[in-house]
Amino acid sequence: MKQYEDATTPPGMDGKTDTRLADRATGMTADVSLELLEQATDGIVIINERNEVIFFNPAAEKLWGFAESEVLGQNVSRLVPSVYRPDHDSYIDRNRESGMDRIVGTSREVTFENKAGDYISGEMSISTAVLGPEKKRYYMAIMKGVTEESHRRKLHDLQNTVFEAISNDMMIPDVADLICREVESFVPNTVAVLILLGDNNRLHILSGPGLPRHYATALENVELSEEDLATIARDPQAVGRIVWDSYSSLGISLGLHNCWASAIKSRNGRISGIFALYSRNQYKLSDWPQKIVTGSVSFCGVVIENYEAQQHISQLANYDSLTGLLNRSAIHKVIRSMIDLPGDNNFAIFMVDIDRFRDINDTLGHMNGDAFLKAIAHRLKTLSRTNYIISRSGGDEFVIVLPDTNEARAVIFADRLIKGMQEPVEIAGNLLVVSLGIGISIFPENGPDGQSLLSHAESAMRRCKKEGRGGYCVSSTADNRAAEDRLLLGSALRDSLARGLLNLHYQPQIDIRTGKLYGAEALSRWNHPTLGNIYPSRFIAVAEDTGQIETIGAWSLEEAVSQVVRWDKEGLHVPAVSVNLSAVHFCNRDLPLLIERILKEHGVAPRRLTVEITESVMMGENEETMRGLSAIRALGVGLSMDDFGTGYSSLSRLTRLPLTEIKIDRTFIMNLEQDANAQAVTTAVIGIGNRLNMTVVTEGVETEAQLKLLQGLNCDVAQGYLFARPMTPDDVLAWSREPHPWRPDPLPAPQP
């Protein structure tokens, strides 16, 4: 051990029995001196110049377990741990050559090996002297058995070290390793183990680097019964029966012969763990290792409490509180780590969405909705293999990662999921049959990074839900392009909005009875400096997917209303401007206040603004939406149903909405001249609008024949290429001053 090397000589000396010490004081005979040494309460060992033991008193016999006759004349290395014996003489020779009369720091705590092979702790002092006419150097070691006070001091120092490590944010497993290493140094040739009591009262080793693997595996299969817990709560040391008595045969086969252990209690009295010390020595001669273990329990408990606190924080940071599954941020980390694995690995990502979950929430309430989600999470875990990673990414969406999976195996699992969900789920006495929309992406085919893979899986899932419920879709080229749009166009769109790079074009609407200007529809346009002209069908979809559509809508309202004011100043009176808002806007209860503020700030009459809504707003009809629409209409602002007839709107819903106009989609007008069915539908819609006192606007009018048919059907307003394409505000002004076939006279020039 290093402590012997530092002292340059061990705690034992060798010599012949007939050697006598010279007188050291007047009147002190050698016999008196020897008698005093013999009766000393501390062990005394003296060695001669050949490192042979020449004196070994009864106290030394008691400490080492050797009789005097077994030691005298033998090399002192017999009294030191076997691992240091080969080099021990060189330690002493180094001191002899230095010529020092006394070793600096003469008193130190050391550990030595007794006759039985057990390790004993002691406090050693060494002195040396040159005696006799031949000037021979002798060494004397005084060894005192370590007291309990010394043990307490060691434990106190270790406790301070542990608390300092925790306060410095050392990782708790590292702190546990520190405790085990230090306690092993207190009791050499031992293995220290810190064990947690985990879920289901199952043992879990927090630290035990020296414990044989097979023994550790055996311990981690142990589950404590309530009877076990009650027993060790009464007697913490009784835990030795659990961690040793039941496995002593295995331990002995692995070189372990004894065990000292104690249960660890938390501050509320709960058994939180076990601290155990296993000995490789065959003989158990003292009880001080048990005192070391018992004394370590208090700060081991602090370590376990901090570990459990860190685990709880990690649980909150990485797991969904409702289902116990990984959360969104955690699954991103998992995917990133799987991508970084070496070799040609592949895996699949499933984006799973529950069909019509909103209906379940609305019908059964949010508490039952939460119970339903927990049941689905459990079902997903049951259907998945143990190495699949499952996450709740938010709301009713789940992500499943399938390691080492290609497209063919992914499809097999998708079929299994769909079939496995056909078994009804019972919630609050209701049997609910679940259908899923599943989108699948494959690494590396569908992207080099986690964001791309998740986006592709989400695109595939949305495509699946559009095509029909209860199915799956594997990511395709179209999905990949949509995901790229979200990533690339989404970022560019956000930048363009901030820099004011979007603009509005306007398409005139004509009163086909009078030929006068009825209004103009505002249409968003985006011409990016590097990406070029981007069609609204692309960037509006991206805006909806990336959460920017509401910003675009607010900007469009502000820009369109201010343009009405500018046209007025230039002498062009546009009776009303129409702005299309998506369903997202009507989820914002402040929308009516926003419209009111914009109109007041620009001094524009409410009747000169029309808000166009889509059929999706009508399909998502609820009290909040109805209140918003009614509040907008109460301002005097017009409400128009855009693309009427292309979705799933019903006449009953149409009558409940406070609409002022409906717009017939251009798809009905394209074949109006030849298609009798198109004429029938158009006639019906115009008739409905007239009876409900709504203005009917027809889009996509491109020919004179179409215009005449619409006039004959009593349509009110038309817009399309026959009249004008969408134009910039300046082009609208110029257009208004030109003659047109459907209106021979241009508008009058503005007055100076």
Inset, instruction - Measure from the side-chain N and O atoms of Asp370 to the backbone N and O of Met367, and report whether any donor-acceptor pair falls under 3.5 Å. - result: no
Inset, instruction - Write down the atom of Ser329, the atom of Asn327, and the distance for their closest heavy-atom approach. - result: OG-OD1, 3.1 Å
Legend entry - Donor-acceptor under 3.5 Å (Glu458 side chain, Gly439 main chain): no
Legend entry - From CA spacing to verdict: side chain to side chain donor-acceptor pair (under 3.5 Å), Thr614, Asp642: CA-CA 5 Å; Thr614 60; Asp642 192 21; over 6 Å; no
Inset, instruction - Look up atom CD1 in Ile376 and atom CG in Asp396, then write down how far apart they are to the nearest 0.5 Å. - result: 10.0 Å
Inset, instruction - Return the minimal non-hydrogen interatomic distance between Met461 and Gly437, and the atom names on each side. - result: CG-O, 3.4 Å
Inset, instruction - Taking atom NE2 of His214 as the centre, report whether more than 12 heavy atoms of other residues, nucleotides or ligands fall under 6.0 Å from it. - result: no
Inset, instruction - For residues Ile264 and Ile271, determine if any side-chain heavy atom of one lies less than 4.5 Å from a side-chain heavy atom of the other. - result: no
Legend entry - Pairwise distance CG(Leu453) to CE(Met338) - rounded to 0.5 angstrom: 10.0 Å
Legend entry - Exam field: side chain Arg202 to backbone Glu220, donor-acceptor pair closer than 3.5 Å: yes
Legend entry - Where Ala348 and Ala410 come nearest, the two heavy atoms and their spacing: CB-CB, 4.0 Å
Inset, instruction - Take Ile304 and Leu194, measure what side-chain contact (heavy atoms from CB on, under 4.5 Å) needs, and give me the verdict at the end. - result: CA-CA 9 Å; Ile304 289 176; Leu194 181 54; 4.2 Å; yes
Legend entry - Backbone N/O of Ser441 and side chain of His456: donor-acceptor pair under 3.5 Å: no
Inset, instruction - Specify the closest pair of heavy atoms between Gly324 and Tyr319, including all atoms of both residues, with the distance to one decimal. - result: O-CD2, 3.3 Å
Inset, instruction - Please confirm whether the backbone N or O of Ile549 pairs with a side-chain atom of His585, one donor and one acceptor, at under 3.5 Å? - result: yes
Legend entry - Heavy-atom side-chain proximity of Leu493 to Ile534 below 4.5 angstrom: no
Inset, instruction - Enter the distance from Leu373:CG to His378:NE2 here, rounded to the nearest 0.5 Å. - result: 14.5 Å
Inset, instruction - Would you mind reporting whether Val434 and Ile354 have side-chain heavy atoms less than 4.5 Å apart? - result: yes
Inset, instruction - Determine, step by step, whether Asn503 and Trp526 satisfy the side-chain contact (heavy atoms from CB on, under 4.5 Å) criterion, reporting the C-alpha distance in whole Å, the side-chain angles of both residues, the deciding distance to 0.1 Å, and the verdict. - result: CA-CA 7 Å; Asn503 55 76; Trp526 181 23; over 6 Å; no
Inset, instruction - Check for a donor-acceptor pair, side chain of Asn430 on one end and backbone N or O of Leu432 on the other, with a separation under 3.5 Å. - result: no
Inset, instruction - Using the six-membered ring wherever Trp is involved, compare the ring planes of Phe347 and Phe443 and label them parallel, tilted or perpendicular (cut-offs 30° and 60°). - result: parallel
Legend entry - Distance in Å, Tyr247 OH paired with Cys259 SG, rounded so as to fall on 0.5 Å steps: 12.5 Å
Legend entry - Sidechain-backbone polar pair: Arg392 side chain, Gly395 backbone, donor-acceptor under 3.5 Å: yes
Legend entry - Separation between OG1 of Thr217 and OH of Tyr215, rounded to the nearest 0.5 Å: 12.0 Å
Inset, instruction - Provide the closest heavy-atom pair for Val175 versus Met170 in the form atom of the first, atom of the second, distance. - result: CG2-SD, 3.7 Å
Inset, instruction - Determine whether the aromatic ring centres of Phe350 and Tyr388 lie less than 6.0 Å apart. - result: no
Legend entry - Positive for side-chain contact (heavy atoms from CB on, under 4.5 Å) with Leu326, one of Ile389, Asp320, Val399: Ile389
Legend entry - Phe398 side chain reached by Ser391 side chain, heavy atoms, under 4.5 Å: no
Legend entry - Side chains of Met421 and Val433 in contact at under 4.5 Å (non-hydrogen atoms): no
Legend entry - Within 6.0 angstrom of Arg328 CZ, more than 12 heavy atoms from elsewhere: no
Inset, instruction - Ignoring hydrogens and angles, tell me if any N or O in the side chain of Ser459 forms a donor-acceptor pair with the backbone of Ala457 under 3.5 Å. - result: no
Legend entry - Under 3.5 Å: donor-acceptor pair, side chain of Arg463, backbone of Val474: yes
Inset, instruction - Mark yes when over 12 heavy atoms from residues, nucleotides or ligands other than Arg525 sit less than 6.0 Å from its CZ; otherwise mark no. - result: yes
Legend entry - Residue Glu305 excluded, over 12 heavy atoms near CD under 6.0 Å: yes
Inset, instruction - Drop me the distance from Leu256's CG to Arg280's CZ, to the nearest 0.5 angstrom. - result: 7.0 Å
Legend entry - Verdict with supporting geometry, Arg336 and Asp340, salt bridge (charged side-chain N to carboxylate O under 4.0 Å, His left out): CA-CA 6 Å; Arg336 187 162 56 247; Asp340 292 338; 5.6 Å; no
Legend entry - Note, Ser207 side chain near Pro173 side chain (heavy atom, < 4.5 Å): no
Inset, instruction - Decide, yes or no, whether a salt bridge links Arg241 with Asp228 under the criterion of side-chain N to carboxylate O below 4.0 Å. - result: yes
Inset, instruction - Might you point out which heavy atoms bring Val191 and Gly210 nearest each other, and give the distance in Å? - result: CG1-C, 3.4 Å
Legend entry - Whether over 12 other heavy atoms sit under 6.0 Å from Arg270 CZ: yes
Legend entry - CA sep, side-chain torsions, deciding dist, call: Leu657, Met626, side-chain contact (heavy atoms from CB on, under 4.5 Å): CA-CA 7 Å; Leu657 295 174; Met626 290 300 294; 3.5 Å; yes
Legend entry - Any donor-acceptor pair under 3.5 Å from Asn446 side chain to Ile442 backbone: yes
Inset, instruction - Answer yes or no: is there an ion pair linking Glu612 with Lys663, defined by an N-O contact shorter than 4.0 Å? - result: yes
Inset, instruction - Check the pair Val222, Leu224 against side-chain contact (heavy atoms from CB on, under 4.5 Å), reporting the backbone distance first and the verdict last. - result: CA-CA 6 Å; Val222 174; Leu224 301 189; 3.9 Å; yes
